[in-house]
K.L.:
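Have a look at this one before I ask anything.
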Amino acid sequence: MFFTLKSEKRAVGARAGEIQTSHGIIPTPIFMPVGTLGTVKAVLQKDLESDIDAKIILGNTYHLYLRPGESILGQAGGLHKFMNWERPILTDSGGFQVFSLSDIRKIREEGVEFRSHIDGSKHFFTPENVVEMQRVIGSDIMMALDECPPGDCEREYARKSMHLTQRWLERGFTHFKNTEPLYGHKQTFFPIVQGAGFPDLRREAAKHIADMGAEGNAIGGLSVGEPTEVMYEMIEVVNDVLPLEKPRYLMGVGTPANIIEGIARGVDMFDCVMPTRNGRNGMLFTWRGIINIKNKKWENDFSPLDPDGESYVDHHFTKAYLRHLFQAGESLGPQLASIHNLNFYLRLVGTARERILDGTFEQWKKNVVPQISHRL
RNA sequence: GGGGAGAUACCAAAGUGGCCAACUGGGGCAGACUGUAAAUCUGUUGGCAUACGCCUUCGGAGGUUCGAAUCCUUCUCUCCCCA
């Protein structure tokens, strides 16, 4: 993997770049649609590639390990072939599931013991076997196993958790370096900064992964219940330390406004379930604000779904029609909303990139953030 | 013509003397959702009030009772069975 900065180099500030992978080039800043189980929910690969023009998508190691499992993915020749997606894939390690499935797991020095949320069976994840699994998946970018503590955790817990994560990162990275890709294309490994909402812990964690010398770095443990201002502050603290010349990935973020603010603070990569999950639940993100298409006020609004939108669905369907689909519980509703939202998210980061390159990002941000955050 | 069952809120359907402004579904309205255990979950759904609460409701009318969706009388309507 190679990362090239195309804009001015500043520690904390918006930048534009390019990530080269074996499966294609990713312009940054970029948003990566989440496709946990080998599918971006409710969206066909074809639409993802053409209409939405996603440059890279996510998969999830924990979920893919449980279903379809290592054997099937190995037989398929990796996730790209299995799901027929030829562009880059980034896989999360399952670190987030250490957080979100906290009722059914036990964390130890060696790794984390899970109970499957599907059948209750016991499984053990280590920094090493999670790398192995991601070798089988064949993701272009694999994530380290980390512990993602809740946003309101105590300092002492955050400190111990961060140190455990650091030991896991090193074990994972060592294992990564000692193993080879299985399918002839390159893979890379991103370590993750933790440290909850404590600036000194964050700084220490950032220094630690900066010294590891990975090709890219991730910021984890944000947007997990802490106030938004804390998240922004942590991004600044961390990006002040992380190397300039390597991509920075803010995991799990966020709302359109969060993403612009993240870009402004020097983040290059984002992923979030919001455009798809909220889309399936009737929320549309647009340049003019946020729409809950299920609301009665759209019942007889026959204007285009999104007059400013650039996707096929934005101009071929009306708000009234989409509301009808949701009212009727038709599965096309969530599909159209997901396509619209992902297209919007990709256009949002694409526009941010243009504004960075032509030097008007700050001015643009000032105008666009209130607009896209407004509820219609 | 004879016999039987029933009428409850937007719909379906519980309740059969006070704990009932009325269980539960559905539908409606609104909200939540940030490295996806989510095409899920939550609230609300007679009127008025921020709230305490007040007012009008269980086919219509009348009655019994301290008190009625629940008991009695009568009327109207619906459904089923037999002719």
Side-chain angles (χ1 to χ4, degrees), chain A residues 31-43 56-64 66-67 89-105 114-120 130 134 139 141-151 165 190-194 218-228 231-232 249-259 261-262 267 269-283 285 290 292-299 322-323 325-339 341 345 375:
Chain A
F31 177 80
M32 309 181 283
V34 177
T36 307
L37 275 159
T39 162
V40 174
K41 293 184 193 297
V43 180
I56 172 173
I57 62 171
L58 256 69
N60 183 281
T61 305
Y62 167 80
H63 289 284
L64 291 169
L66 290 180
R67 275 189 308 214
I89 294 174
L90 179 151
T91 40
D92 185 29
S93 61
F96 185 71
Q97 280 62 43
V98 179
F99 161 68
S100 66
L101 303 176
S102 59
D103 295 342
I104 51 176
R105 55 86 172 135
F114 277 106
R115 302 205 77 105
S116 160
H117 67 276
I118 301 162
D119 61 7
V130 152
Q134 291 177 99
S139 46
I141 300 171
M142 67 172 78
M143 300 305 301
L145 184 67
D146 64 340
E147 187 200 350
C148 179
T165 290
F190 281 18
I192 304 167
V193 175
Q194 287 292 344
I219 307 166
L222 292 177
S223 67
V224 286
E226 80 287 358
T228 307
M231 171 168 80
Y232 294 156
Y249 164 30
L250 177 58
M251 307 183 74
V253 173
T255 65
N258 290 161
I259 288 173
E261 295 293 348
V267 175
M269 306 161 71
F270 302 85
D271 79 281
C272 190
V273 303
M274 198 169 275
T276 43
R277 180 190 287 171
N278 291 30
R280 289 196 304 281
N281 294 327
M283 185 182 281
F285 299 96
I290 298 168
N292 182 347
I293 201 65
K294 292 193 279 195
N295 287 171
K296 191 174 183 61
K297 62 192 321 176
W298 308 113
E299 189 175 35
L322 187 59
R323 170 176 147 95
L325 293 177
F326 271 97
Q327 287 300 104
E330 281 293 335
S331 61
L332 187 60
Q335 292 177 40
L336 297 185
S338 298
I339 291 172
N341 280 347
Y345 265 64
R375 302 188 73 104

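Please read these numbers as outputs of a predicted model, since none were measured by experiment. The sequence lines fix the lettering, A, B, ..., with proteins before strands; numbering per chain opens at 1.
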K.L.:
Report the residue (A:Gly254 or A:Leu37) whose heavy-atom-nearest nucleotide on RNA chain B is the more 5′ of the two.
P.N.:
A:Gly254
K.L.:
Rounded to whole angstrom, note down the P distance from B:G60 over to B:U8.
P.N.:
10 Å
K.L.:
How would you label the contact of A:Gly221 with the nucleic acid (heavy atoms, under 4.0 Å): base, sugar-phosphate, or nothing?
P.N.:
base
K.L.:
Quantified in whole Å, what is the P atom distance between nucleotide B:A12 and nucleotide B:G63?
P.N.:
31 Å
K.L.:
What integer number of Å spans the C1' atoms of B:C20 and B:A37?
P.N.:
39 Å
K.L.:
Quick one: salt bridge (Lys or Arg N to Asp or Glu O under 4.0 Å) partners of A:Lys296, sequence neighbours excluded?
P.N.:
A:Glu299
K.L.:
Mind checking if A:Ser338 touches a base, just sugar-phosphate, or nothing, with heavy atoms under 4.0 Å?
P.N.:
nothing
K.L.:
Counting any heavy atom closer than 4.0 Å, what does A:Asn60 reach on the DNA or RNA strands: base, sugar-phosphate only, or nothing?
P.N.:
sugar-phosphate
K.L.:
Considering only side-chain heavy atoms of A:Ser331, which listed nucleotide, B:A39, B:A37, B:U34, is closest?
P.N.:
B:A39
K.L.:
Could you tell me whether A:Gln194 contacts a base, only the sugar-phosphate backbone, or nothing, with contacts defined as non-hydrogen atoms closer than 4.0 Å?
P.N.:
base
K.L.:
Restricting to ring-ring contact (aromatic ring centres under 6.0 Å, His included), what partner residues turn up for A:Phe270, sequence neighbours left out?
P.N.:
none
K.L.:
Only distances under 3.5 Å count here; give the side-chain donor-acceptor pairs of residues 93-101 of chain A to other protein atoms, sequence neighbours excluded, each with its distance to 0.1 Å.
P.N.:
unit_1, atom_1, unit_2, atom_2, d
A:Ser93, OG, A:Gly95, N, 3.0
A:Ser93, OG, A:Ala144, O, 2.9
A:Gln97, OE1, A:Asn60, ND2, 3.0
A:Ser100, OG, A:Phe96, O, 3.4

K.L.:
With sequence neighbours excluded, tell me which residues meet side-chain hydrogen bond (donor to acceptor under 3.5 Å, both in side chains) with A:Asp103.
P.N.:
none
K.L.:
Go through the structure and list residues passing salt bridge (Lys or Arg N to Asp or Glu O under 4.0 Å) with A:Glu147, not counting sequence neighbours.
P.N.:
none
K.L.:
For each nucleotide in nucleotides 27-33 of chain B, reading 5' to 3', give B when a protein heavy atom comes within less than 4.0 Å of its base, S when such contact involves only the sugar-phosphate, and - otherwise.
P.N.:
-SSSSBB
K.L.:
Looking at B:G35, I'd like to know if its phosphate oxygens (OP1 or OP2) sit under 4.0 Å from a side-chain N or O belonging to A:Gln97.
P.N.:
no
